[in-house]
Number of protein chains: 2
Amino acid sequence: MLSKKTKYGLKALAFLATKELREPVQIAEIASEENIPQKFLESILLSLRKTGFLGSKKGKGGGYYLIKDPSEIQMTSVIRVLEGPIAMVPCVSLNFYEKCDDCPDENTCAVHKLMIQVRDSALNVYRKNTLADIIIDPKIIKSKRS
Amino acid sequence: MLSKKTKYGLKALAFLATKELREPVQIAEIASEENIPQKFLESILLSLRKTGFLGSKKGKGGGYYLIKDPSEIQMTSVIRVLEGPIAMVPCVSLNFYEKCDDCPDENTCAVHKLMIQVRDSALNVYRKNTLADIIIDPKIIKSKRS
DNA sequence: GAATATCCTATTAAATCTATAGGATAAATA
DNA sequence: TATTTATCCTATAGATTTAATAGGATATTC
């Protein structure tokens, strides 16, 4: 299951991606537009700022904003920051590797063999998607229809 | 993250797949060979029996055994029984669909768009793998080398 | 009928996730 | 410079889920 943190974080990033770069948007606005508990969102945006995805500005007219173009923001890095490992078991994780204490030999482990494939398939998806790829601007849809 | 339940269940199935069909193997043997807490494994095997993957026999000489050929056991169904939905969010789940209460429109949801792809890629992997595909019999490896 | 091994329900313990509280800090503005 | 505004930050409460165990019932073998 995707955590709420990741879900909310992605929605917030997508929301900011529809705005002008470096135009601060307040937490309150994002929270109400995307139906996210405000205090929870606050902590998520904070961590996205600390990990280099967002910039922020304090005081009146302040808020959060993207510091990179959406097409430069890869889903692999967003997911790793928000959700943690992409792999479903630590023993197949590229960035968070850990040996299983119950498994004597990864090379003969059925779970390992299966989860390597699952990891690779998820990686493929995350690698080929940037923030720009997943945002769906209703305005764009409208103009395509007309 | 893959739950321990799923991990243990898969390992147990893989273990049984290396044995003769319908030859009962005791929980205690599987547990010690695969380093799984016995009582926990007991409950897992019970649910695998109730969902039609395993047969069992009580009393002396009893145990659990596969009732289908490993090549007939698809990973999609194993994962769904042990882990639950393959999708990471209910709103993209084929078998466990649920609408997000915070999301007014799935068609314009960035998370939805991304998670559809992740679900499909995972499905592809689980669909093309049967239990037979993931077991790695050390004997087979040896004979290939010699 | 004794031994063996699964069957079954309930419960505890631990970990993780979700959400909130409450004040500190910094910037704008009047 | 005081006031307002909005992020910053740490801590913690509450809820949920997961992992594991307990203990006895049932069925089978010999």
Side-chain angles (χ1 to χ4, degrees), chain A residues 1-12 16 22-32 34-51 53-67 81-85 88-90 96 98 100-102, chain B residues 1-12 16 22-32 34-51 53-67 81-85 88-90 96 98 100-102:
Chain A
M1 271 286 286
L2 202 70
S3 68
K4 298 259 180 177
K5 180 184 174 187
T6 303
K7 185 184 179 188
Y8 294 158
L10 278 172
K11 289 182 89 171
L16 290 174
R22 288 167 202 276
E23 264 306 303
V25 182
Q26 295 170 27
I27 296 174
E29 181 183 344
I30 307 173
S32 85
E34 297 292 337
N35 301 304
I36 303 171
Q38 180 162 344
K39 269 292 189 178
F40 194 10
L41 179 60
E42 193 180 319
S43 70
I44 296 167
L45 296 181
L46 198 57
S47 85
L48 285 172
R49 195 215 61 190
K50 287 184 176 172
T51 48
F53 293 96
L54 299 177
S56 67
K57 204 184 155 202
K58 283 183 177 179
K60 186 162 192 182
Y64 284 96
Y65 51 88
L66 287 181
I67 54 181
V81 160
L82 291 171
E83 187 76 3
M88 292 186 78
V89 279
F96 302 82
E98 243 176 276
C100 297
D101 43 354
D102 59 296
Chain B
M1 273 285 285
L2 200 71
S3 67
K4 298 260 182 177
K5 180 185 175 186
T6 303
K7 186 184 177 189
Y8 293 159
L10 278 172
K11 290 182 87 172
L16 291 174
R22 288 167 202 275
E23 263 306 302
V25 181
Q26 295 171 26
I27 296 173
E29 181 183 343
I30 308 173
S32 85
E34 296 292 338
N35 300 303
I36 303 171
Q38 180 163 343
K39 268 293 191 179
F40 194 9
L41 180 60
E42 192 180 318
S43 70
I44 296 167
L45 296 182
L46 198 58
S47 85
L48 285 172
R49 195 216 60 188
K50 287 184 176 171
T51 47
F53 293 96
L54 299 178
S56 67
K57 205 185 155 203
K58 284 185 179 177
K60 187 163 191 184
Y64 284 96
Y65 50 88
L66 287 181
I67 55 181
V81 159
L82 292 172
E83 188 77 4
M88 293 185 77
V89 279
F96 303 83
E98 243 176 274
C100 297
D101 42 354
D102 59 296

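Separation of atoms CZ (B:R49) and CG (B:L45) is listed at 10.5 Å; rounding is to 0.5 Å.
A straight line from CD1 of B:I27 to C1' of C:dC8 spans 12 Å, rounded to a whole angstrom. Spacing between atom CD of B:Q26 and atom P of D:dT29 amounts to 13 Å, rounded to whole angstrom units. Spacing between atom CG of A:L2 and atom P of C:dT16 amounts to 18 Å, rounded to whole angstrom units. Here C:dT29 presents its P atom at 17 Å from NZ of A:K58, a figure rounded to the nearest Å. Atom CG of B:L46 and atom P of C:dA10 are 14 Å apart (whole Å). In this structure, A:E29 places its CD atom 17 Å from P of D:dT5, rounding to the nearest Å. If you measure from atom CE of A:M1 to atom P of D:dT17, you get 9 Å, rounded to the nearest angstrom. One interatomic measurement links the two molecules: CZ of A:F40 to P of C:dG22, which rounds to 19 Å at whole-angstrom precision.
In terms of modelled atom types and a separation under 3.5 Å, the side chain of A:E34 and the main chain of A:Y8 share no donor-acceptor contact.
When each of D:dG23, D:dT7, C:dT9 is scored by its nearest atom to the side-chain atoms of B:E42, the top-ranked nucleotide is D:dG23. Side-chain proximity of A:K5 to the nucleotides D:dT7, C:dT18, D:dC9 is greatest for C:dT18. The nucleotide whose nearest atom lies closest to any side-chain atom of B:P37 is, among D:dT21, C:dC8, D:dT26, D:dT21. Of the listed nucleotides (D:dT28, C:dA5, C:dT29), C:dT29 has the atom at the smallest distance from the side chain of A:K60. In the set C:dA19, D:dT10, D:dT21, the nucleotide with an atom closest to the side chain of B:K39 is D:dT21. Taking the side chain of A:K57 as heavy atoms from C-beta on, and the options C:dT18, D:dT7, C:dA27, the nearest nucleotide is C:dA27. Taking the side chain of B:K4 as heavy atoms from C-beta on, and the options C:dT18, D:dT29, D:dA20, the nearest nucleotide is D:dA20. Nearest to the side-chain atoms of A:Y8 among the listed nucleotides C:dA19, C:dA26, D:dT28 stands C:dA19.
With A:L54 as the partner, the side-chain contact (heavy atoms from CB on, under 4.5 Å) test is satisfied by one option alone out of A:I67, A:L46, A:L66: A:L66.
The 5' end of DNA chain C is approached more closely, in terms of each residue's nearest nucleotide, by A:S3 than by the other of A:G59 and A:S3. Nearest-nucleotide mapping onto DNA chain D: of B:G61 and B:T6, the residue sitting toward the 5' end is B:T6. Each of A:G63 and A:S43 lies near DNA chain D, and the nucleotide nearest A:G63 is the one positioned closer to the 5' end.
Closest approach of A:I27 to A:E42, counting heavy atoms only: CD1-CG, 3.6 Å. Of all the heavy atoms in A:C100 and B:K7, the pair that sits closest is SG-NZ, 3.4 Å.
Between D:dC9 and A:K50, a contact under 4.0 Å exists linking OP1 or OP2 to a side-chain N or O. The phosphate of C:dC8 (OP1 or OP2) has a side-chain N or O of B:R49 nearer than 4.0 angstrom.
Using a 4.0 Å heavy-atom criterion, one finds that A:K7 contacts no nucleic acid atom at all. If you check every strand for non-hydrogen atoms under 4.0 Å, B:L45 touches nothing.
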Original post:
Where do A:L82 and A:I44 land on the side-chain contact (heavy atoms from CB on, under 4.5 Å) test, with the steps shown first?
Top reply: CA-CA 8 Å; A:L82 291 171; A:I44 296 167; 4.1 Å; yes

